Novice: 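The structure follows.
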Amino acid sequence: MAIKKVMVIGAGQMGSGIAQVCAQAGYTVILNDLKPEFVERGMNGINKNLDRAVEKGRLEASAKEETLGRLSSSTSLEDAATVDLVIEAAVENMEVKTEIFRKLDELAPEHAILATNTSSLPITEIAAATKRPEKVIGMHFMNPVPVMKLVEIIRGLATADEVYKEIKDMTKVLNKVPVEVNDFPGFVSNRILMPMINEAIYTLYEGVATKEAIDEVMKLGMNHPMGPLTLADFIGLDTCLYIMETLYEGFGDSKYRPCPLLRKYVKAGWLGKKTGRGFYEY
Ligand code: NAI
C-alpha cells in the first residue's frame, strides 16, 4: 500500500507541525481538531512557519503555495473515510486517545494505518481499543516537528511487520530519521528526558537554586541547547505531568513521582509557552 492521504488529529503544536511536514513532503493532509478556531490556529501557525522558511531562503515561494494547497481543515472524524494513514496528536490522555481510536476504527478504510504521536502512553493499550491492532503504531515526533530529525517508531505487541516498514519508509520520505523502540512507558526519549526535567523542578522546589541558575548550569555545564525548565515550558507542563504520571503508574517506582510544584503549576493553568506562563513568562 502506498500512503498518499493523511489525516492529523489535533491541531496543537505537534499536530500542526506534523501536518506541515507531511504536506511539504507531498502528502495530501487533512488537519482535524474539535473546533474550527483550533484548526485555524494550527493552520495560521503553519502559514507563519512556511513564510519564515521562504524569507530565510529555505523554501521557494511556489513550494509554500503547493504545500498549503495540499492541506485542508476538518472538525469531523468522519473525514477519515478517505485516508490511508491517521496520525493522532490530541492531548496526552488515555481516555481521549482510546475514544478517538475506537471511532477511527469504525470510520477509516480497512487498509488505513492508525498511528499515535503519544509521548508515553502504551501503544498496545491504544491498539486494543480497535479491531485492527496490527495496523496501530506509535510515531513519536519531536518538538518543533519541522526542525527535529528524530521520529521514535514504537511497535505495539500486535503491530505487523509490514505496517512498521511502511511507517519507517514514510518517516524517511519526511526527511526524518526513524528509530525503532519497544512499547514501554515513556519509550526511550521520555523515560530518560522527563525524569531529568522532573528532577530540575524538584531542584527548584527545594530551593537549591533559582530557575535561571538551574537552566544555566545545564546549558553551560552539559552543553544542552536549552535548560530543563525552559524545555518543560516549551513541551507544555500539562504534557510533562501526564508523562510523569504514565511513568509512575507504568513502573510503580517512586523515582518517577511527579514533583508537587509541577502539579501546582498545571492546576494554576500555567502550562508554559502555549499559555504565556510556565516557569517563565512569554
Ligand atoms: P497541544 O495542547 O498543543 O494540542 C493538543 C490539541 O489536541 C488541541 O488543539 C486540542 O484541541 C486537540 N484535541 C483534544 N482532544 C481532541 C479530540 N478528541 N479530537 C481532536 N482534537 C483534539 O498539545 P501538543 O503539545 O501538540 O501534544 C499533542 C500530543 O503530542 C500529546 O499526545 C503529546 O504527548 C504528544 N507530544 C508532545 C510533544 C511536545 O513537546 N509538546 C512532543 C512529542 C509528542
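Note that the numbering runs from 1 along the sequence shown for the chain. As the structure lists them, so they are numbered: ligands from 1, and atoms in each ligand from 1. Model, not experiment: these values are computed from the prediction.
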Novice: Start with the C-alpha gap between K103 and E99, add the side-chain angles, then the distance that decides, and say whether salt bridge (Lys or Arg N to Asp or Glu O under 4.0 Å) holds.
Specialist: CA-CA 6 Å; K103 288 187 187 149; E99 181 60 14; 3.7 Å; yes
Novice: Starting from atom 2 (O) of ligand 1, find the nearest protein heavy-atom neighbour and note its residue, name and distance.
Specialist: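 Residue, atom and distance for the closest contact: K274 NZ, 3.2 Å.
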Novice: Could I get the full list of side-chain contact (heavy atoms from CB on, under 4.5 Å) partners for V188, not counting sequence neighbours?
Specialist: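 With sequence neighbours excluded, V188 shows a side-chain contact (heavy atoms from CB on, under 4.5 Å) to E152, V181, I192, given in chain and number order.
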Novice: Nearest non-hydrogen contact with atom 43 (C) of ligand 1 belongs to which option: F141, Y242, F234?
Specialist: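 Result: the heavy atom closest to atom 43 (C) of ligand 1 is in F141.
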Novice: Number the atoms of ligand 1 from 1 as they appear, then name those within less than 4.0 Å of a heavy atom of I9, with their elements.
Specialist: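 Within the 4.0 Å cut-off of I9, ligand 1 contributes 19 (N), 20 (C).
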Novice: When you compare the side chains of T116 and E88, does any donor N or O come within less than 3.5 Å of an acceptor on the partner?
Specialist: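 Looking only at side-chain atoms, E88 and T116 do form a donor-acceptor pair, the distance falling under 3.5 Å.
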Novice: Quick test: of every protein heavy atom, which one is nearest to atom 4 (O) of ligand 1, and how far off is it to 0.1 Å?
Specialist: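 Closest protein heavy atom to atom 4 (O) of ligand 1: G12 CA, 3.3 Å.
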Novice: Tell me the closest heavy-atom pair linking S74 and D79, and the distance in Å.
Specialist: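 Closest approach of S74 to D79: OG-OD2, 2.8 Å.
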Novice: Identify, by atom number and element, the atoms of ligand 1 in contact range of N32, meaning under 4.0 Å from any of its heavy atoms.
Specialist: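 The atoms of ligand 1 under 4.0 Å from a heavy atom of N32 are 20 (C).
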Novice: Just distances here: any N/O of T239 and N/O of ligand 1 closer than 3.5 Å?
Specialist: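 It does not: no N or O of T239 is found under 3.5 Å from an N or O of ligand 1.
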Novice: Dump the intermediate steps for side chain to side chain contact (heavy atoms under 4.5 Å, CB included) on I30 and K5, then the final yes or no.
Specialist: CA-CA 8 Å; I30 305 174; K5 195 166 176 186; 3.8 Å; yes
Novice: Among all the protein's non-hydrogen atoms, which is closest to atom 30 (O) of ligand 1, and how far away is it?
Specialist: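 Ranking protein heavy atoms by distance from atom 30 (O) of ligand 1, first comes N117 ND2, 3.0 Å.
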Novice: Who gets closest to atom 29 (C) of ligand 1 by heavy atom: C240, G10, G42, A90?
Specialist: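 Going through C240, G10, G42, A90 one by one, A90 has the nearest heavy atom to atom 29 (C) of ligand 1.
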Novice: Can you tell which part of T116 has a heavy atom less than 4.0 Å from ligand 1: side chain, backbone, both or neither?
Specialist: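 Near ligand 1, T116 shows nothing, with every heavy atom at 4.0 Å or more.
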Novice: Going through the distances and angles, do I235 and I197 end up as a side chain to side chain contact (heavy atoms under 4.5 Å, CB included)?
Specialist: CA-CA 11 Å; I235 293 170; I197 287 179; 3.9 Å; yes
Novice: Considering non-hydrogen atoms of the protein only, which is the closest contact for atom 34 (O) of ligand 1, and what is the distance?
Specialist: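 Protein heavy atom with the smallest distance to atom 34 (O) of ligand 1: S119 OG, 2.4 Å.
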Novice: Which heavy atom of the protein is the closest neighbour of atom 11 (O) of ligand 1, given with residue, atom name and distance?
Specialist: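 The closest one turns out to be D33 OD1, 2.7 Å.
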Novice: Among all protein heavy atoms, pick out the one at the shortest distance from atom 19 (N) of ligand 1; state its residue, atom name and that distance to 0.1 Å.
Specialist: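 I find the closest protein heavy atom is L34 CD2, 3.5 Å.
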Novice: Which atom pair, heavy atoms only, marks the closest approach of I214 to A209?
Specialist: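 Closest approach of I214 to A209, heavy atoms only: CD1-O, 3.7 Å.
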Novice: Which residue owns the protein heavy atom closest to atom 41 (N) of ligand 1, what's the atom, and how far is it?
Specialist: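 Going atom by atom, the protein heavy atom closest to atom 41 (N) of ligand 1 ends up being I235 O, 2.8 Å.
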Novice: With a heavy-atom distance limit of 4.0 Å, tell me whether K97 approaches ligand 1 through its side chain, its backbone, both, or neither.
Specialist: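 The answer is the side chain.
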Novice: Does some non-hydrogen atom of A89 fall short of 4.0 Å from ligand 1?
Specialist: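 Yes.
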Novice: How far is atom 32 (O) of ligand 1 from its nearest protein heavy atom, and which residue and atom is that?
Specialist: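 Residue, atom and distance for the closest contact: E92 OE1, 2.6 Å.
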Novice: Examine the side chains of N198 and Y248 and answer whether a donor and an acceptor come within less than 3.5 Å of each other.
Specialist: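 Not at all, the side chains of N198 and Y248 share no donor-acceptor pair under 3.5 Å.
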Novice: Hey, is ligand 1 close enough to N143 that some N/O pair sits below 3.5 Å?
Specialist: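 Yes, since at least one N or O of N143 sits under 3.5 Å from an N or O of ligand 1.
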Novice: Assess whether side-chain hydrogen bond (donor to acceptor under 3.5 Å, both in side chains) is satisfied between S120 and N190, documenting all intermediate values.
Specialist: CA-CA 7 Å; S120 62; N190 279 315; over 6 Å; no
Novice: Record the part of M142 in heavy-atom contact with ligand 1 below 4.0 Å; permitted values are side chain, backbone, both and neither.
Specialist: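 Looking at M142 and ligand 1, no heavy atom falls under 4.0 Å.
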Novice: If you look only at pairs with a residue in residues 125-136, which of them pass as a side-chain hydrogen bond (donor to acceptor under 3.5 Å, both in side chains), with sequence neighbours excluded?
Specialist: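 Matches after skipping sequence neighbours: D105-R132.
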Novice: Let me see the working for V208 and Y202 under side chain to side chain contact (heavy atoms under 4.5 Å, CB included), right down to the final yes or no.
Specialist: CA-CA 9 Å; V208 180; Y202 267 114; over 6 Å; no
